[in-house]
Amino acid sequence: MLHILCRRHRVLLLHTLKLKPCSDSQISNSLSFSSHLRSFSLKSSQSTTMRSSRRVSAAVRTESGSGTMEVDISLSPRVNSVKPSKTVAIIDQAAALAQAGVPVIRLAAGEPDFDTPAVIAEAGISAIREGYTRYTPNAGTLELRSAICHKLKEENGISYTPDQILVSNGAKQSILQAVLAVCSPGDEVLIPAPYWVSYPDMAKLADATPVILNTHISENFLLDPKLLESKLSEKSRLLILCSPSNPTGSVYPRKLLEEIAHIVAKHPRLLVLSDESYEHIIYAPATHTSFASLPGMWDRALTANGFSKAFAMTGWRLGYLAGPKHFVAACAKIQSQSTSGASSISQKAAFAALGMGYAGGETVSVMVKAFQERRDFLVKSFGEMEGVKISVPQGAFYLFLDFSSYFGAQIDGFGAINGSESLCRYLLDKAQVALVPGDAFGEDSCIRISYAASLSTLKDGVDRIKKALISVRPAIPV
């Protein structure tokens, strides 16, 4: 309850949500987030509407020793074309609420709830104690790049040399640099939806145009090769694939990837960026296939991967890109003028991670088994709910549920559920469960639930969601 929180926590919460503080007499006896989140959503919408591809003049008046002057505060059109990450915003809001004492169940974050395995943590600690705390080569240590080459050969069936590997501060940086390196203004980046939130905006940062290829829950959110072929043109430069997928958990079977590769082969300008960050979090009988391992695709593929998901190393910030030397060197050039090399300590830890055995060995296998148990529980629980459509995830740790049958419902004291964002606002308000609306991923009919949380937390979260929706009858017949 907000009224029983100390004033310091209330001010922190309101500051994080960018709200004006109110007096104690203005705080009601019950906690409601609806108006706050509506305000946040409205401001974001208005901000987005005001953006354009041209520079918009803006100025503020400042006082100085020489009098009043105007300072130009306009931003680059490139920056104005990019939206802030909705997942990051929701995670930050939920964290602020929890810090303020609100018992929010946070099922929005995309990071494992497990600790970094001890052997990895000890390698990092040893690096610090042994003074391995200085700059490394821009592309990463030879030790780590050689280990990555060995991993890719043994586990993925792809052959690289260390000069075809670039180690970066997370796979996110690896992907962004790849997009910046290969795309020119006016190029098109083809992105199957639902997509990871950052792909379209990365394309915009490269002055390229994102082309969204819609998939369907009835087809497990997998790209239809015929749709891909119909959207290709002379402007098509990059196709981004993510398998296992964030946010859907879908895994591309080898046969489907071969069909896609056959189409790619007919378009000389078209490259494929394969995001394989979740490759080890996969549930039998599904298996992972690296796109670069397919016949004729080595020269056309850039493979992005990292250590955050499989090895529970999100805070260590380490990823890598593998590909033809020409493209990797271009990415390294960008990195040399931005962040330079990744953390020396993290690289020592990553080297230890790659020494844990095939696909992370028993330690990673135990985590994957836990994720699968959680997935099975959620699929069963939501399968019992009226009007919910499910595509059973074959990998990663997300459930992407279609709740569109609830859209159009009117709720006393809240208003209308008119999309995934309002549904998530209602569930945060009523159930105090933080989820991510599907519109952040290009599919407004769904919401994303992360099951990177303990089974007991998930059970509590499901109970809260069901109680919040028990009086809300699906508005659309299923």
State the CG-CG distance between Asn138 and Leu166, to the nearest 0.5 angstrom.
6.5 Å
I would like to know whether Leu435 and Leu427 meet side-chain contact (heavy atoms from CB on, under 4.5 Å); could you show each step before the answer?
CA-CA 8 Å; Leu435 308 168; Leu427 291 174; 3.7 Å; yes
Report yes if the distance between the aromatic ring centroids of Tyr398 and Tyr278 is under 6.0 Å, otherwise no.
yes
Output every pair passing side chain to side chain donor-acceptor pair (under 3.5 Å) with a member in residues 212-226, not counting sequence neighbours, ordered by first then second residue.
Asn220-Ser391
Would you say the side-chain atoms of Arg374 pair up with the backbone N or O of Tyr451, donor to acceptor, closer than 3.5 Å?
yes
If you measure from the Lys or Arg side-chain nitrogens to the Asp or Glu carboxylate oxygens, is any gap between Asp201 and Lys83 under 4.0 Å?
no
Whether Ser450 side chain and Ala109 backbone form a donor-acceptor pair below 3.5 Å:
yes
Would you call Glu258 and Arg254 a salt bridge, using N to O less than 4.0 angstrom?
yes
Would you say the side chain of His288 lies within less than 4.5 Å of the side chain of Pro244, judging by non-hydrogen atoms?
yes
Would you compute the distance between atom CD1 of Ile411 and atom CG of Leu469 and round it to the nearest 0.5 angstrom?
7.5 Å
Enter the distance from Ile417:CD1 to Tyr406:OH here, rounded to the nearest 0.5 Å.
11.0 Å
Any side-chain heavy atom of Arg237 within less than 4.5 Å of one from Glu188?
no
Is it true that the side chains of Ser445 and Glu443 contain a donor and an acceptor less than 3.5 Å apart?
yes
Supply the atom-to-atom distance Met297 CE to Ile260 CD1, rounded to the nearest 0.5 angstrom.
11.0 Å
What I want to check is whether the side chains of His280 and Glu155 have a donor and an acceptor closer together than 3.5 Å.
yes
Donor-acceptor pair between Ser245 and Ser243 side chains, under 3.5 angstrom
no
Nearest heavy-atom approach of Ala431 to Ile465 is CB-N, 4.3 Å
Pair Tyr195-Phe441, ring-ring contact (aromatic ring centres under 6.0 Å, His included): steps then yes or no
CA-CA 5 Å; Tyr195 46 71; Phe441 309 100; 7.7 Å; no
Rounded to the nearest 0.5 Å, what separation is found between the NZ atom of Lys231 and the OG atom of Ser236?
10.5 Å
I'd like to know if the side chain of Asp275 reaches the main chain of Ser277, judged simply by a donor and an acceptor atom lying under 3.5 Å from each other, with no hydrogens or angles considered.
yes
Short question: side chain of Tyr252, backbone of Leu223 - any donor-acceptor pair under 3.5 Å?
yes
Tell me if a side-chain donor or acceptor on Asn156 pairs with a main-chain N or O of Ile158 at a distance below 3.5 Å.
no
Between Met313 and Ala349, which heavy-atom pair has the shortest distance, and what is it?
CE-CB, 4.0 Å
From Ile120 atom CD1 to Leu354 atom CG, the distance as rounded to the nearest 0.5 Å
8.5 Å
Search all heavy atoms of Pro247 against all heavy atoms of Pro194 and return the closest pair with its distance.
CG-CB, 3.7 Å
Non-hydrogen side-chain atoms of Arg78 and Asp207 separated by less than 4.5 Å:
yes
For the residue pair Phe371 and Phe114, is the inter-centroid distance of their aromatic rings smaller than 6.0 Å?
yes
Name each donor-acceptor pair under 3.5 Å that joins a side chain in residues 262-269 to protein atoms two or more places apart or in another chain, with its distance.
residue : atom : partner : partner atom : Å
Lys266  : NZ   : Glu229  : OE2          : 2.7
Arg269  : NH1  : Asp187  : OD1          : 3.4
Arg269  : NH1  : Glu234  : O            : 3.1
Arg269  : NH2  : Asp187  : OD1          : 3.1
Arg269  : NH2  : Asp187  : OD2          : 3.2

Side-chain donor-acceptor pair present, Gln335, Ser338, cut-off under 3.5 Å:
no
Side-chain donor-acceptor pair present, Gln173, Thr339, cut-off under 3.5 Å:
yes
Could you tell me whether the side chain of Gln347 and the main chain of Ala342 form a donor-acceptor pair under 3.5 Å?
yes
Between Ser159 and Lys153, is there a side-chain donor-acceptor contact under 3.5 Å, judged purely by atom types and distance?
yes
Donor-acceptor check, side chain of Arg300 to backbone of Val272, threshold 3.5 angstrom: yes or no?
no
Note: Leu458 and Ala453 closest approach over all heavy atoms is CD1-O, 3.7 Å
Chi angles and distances behind the side-chain contact (heavy atoms from CB on, under 4.5 Å) call for Lys369, Val366
CA-CA 5 Å; Lys369 288 177 182 177; Val366 168; 5.6 Å; no
Test side-chain contact (heavy atoms from CB on, under 4.5 Å) applied to Lys309 and Phe397, step by step
CA-CA 9 Å; Lys309 310 303 181 179; Phe397 40 71; 4.1 Å; yes
Scan side-chain atoms only and decide if Ser290 and Glu276 contain a donor-acceptor pair under the 3.5 Å cut-off.
yes
Please check if any side-chain donor atom of Asp444 sits under 3.5 Å from a side-chain acceptor atom of Ser420, or the reverse.
yes
Does Arg375 make a cation-pi contact with Tyr283, if we ask for NZ or CZ under 6.0 Å from the ring centre and within 45° of the axis?
yes
Would the distance check show the side chain of Ser168 and the main-chain N or O of Gly170 forming a donor-acceptor pair, the cut-off being under 3.5 Å?
no
Tell me, with the steps shown, if Leu222 and Leu256 meet side-chain contact (heavy atoms from CB on, under 4.5 Å).
CA-CA 9 Å; Leu222 296 172; Leu256 178 55; 3.8 Å; yes
Would you call the rings of Tyr199 and Trp196 parallel, tilted or perpendicular, where under 30° means parallel and over 60° means perpendicular?
perpendicular
Show the numbers, then the answer: is there a ring-ring contact (aromatic ring centres under 6.0 Å, His included) between Tyr160 and Trp298?
CA-CA 10 Å; Tyr160 293 102; Trp298 189 94; 5.5 Å; yes
Can you find a heavy atom in the side chain of Leu239 that is under 4.5 Å from one in the side chain of Leu271?
no
Exam field: side chain Thr116 to backbone Ala312, donor-acceptor pair closer than 3.5 Å:
yes
Derivation and outcome, salt bridge (charged side-chain N to carboxylate O under 4.0 Å, His left out), residues Glu279 and Lys151:
CA-CA 12 Å; Glu279 65 162 332; Lys151 171 257 187 285; 2.6 Å; yes
Side-chain heavy-atom pair Val364, Phe311 within 4.5 angstrom cut-off
yes
Compare every heavy atom of Ala261 with every heavy atom of Leu294, then report the nearest pair and how far apart it is.
CD1-CB, 4.0 Å
Does the side chain of Leu190 reach to within under 4.5 Å of the side chain of Leu238, using non-hydrogen atoms?
no
Shortest non-hydrogen contact from Ala310 to Met367?
O-CE, 3.2 Å
So, the side chain of Tyr426 versus the backbone of Glu421: is there a donor-acceptor pair under 3.5 Å, distance only?
no
Is the shortest side-chain N to carboxylate O distance from Lys380 to Glu384 below 4.0 Å?
yes
Residues in ring-ring contact (aromatic ring centres under 6.0 Å, His included) with Phe377, at least two apart?
none
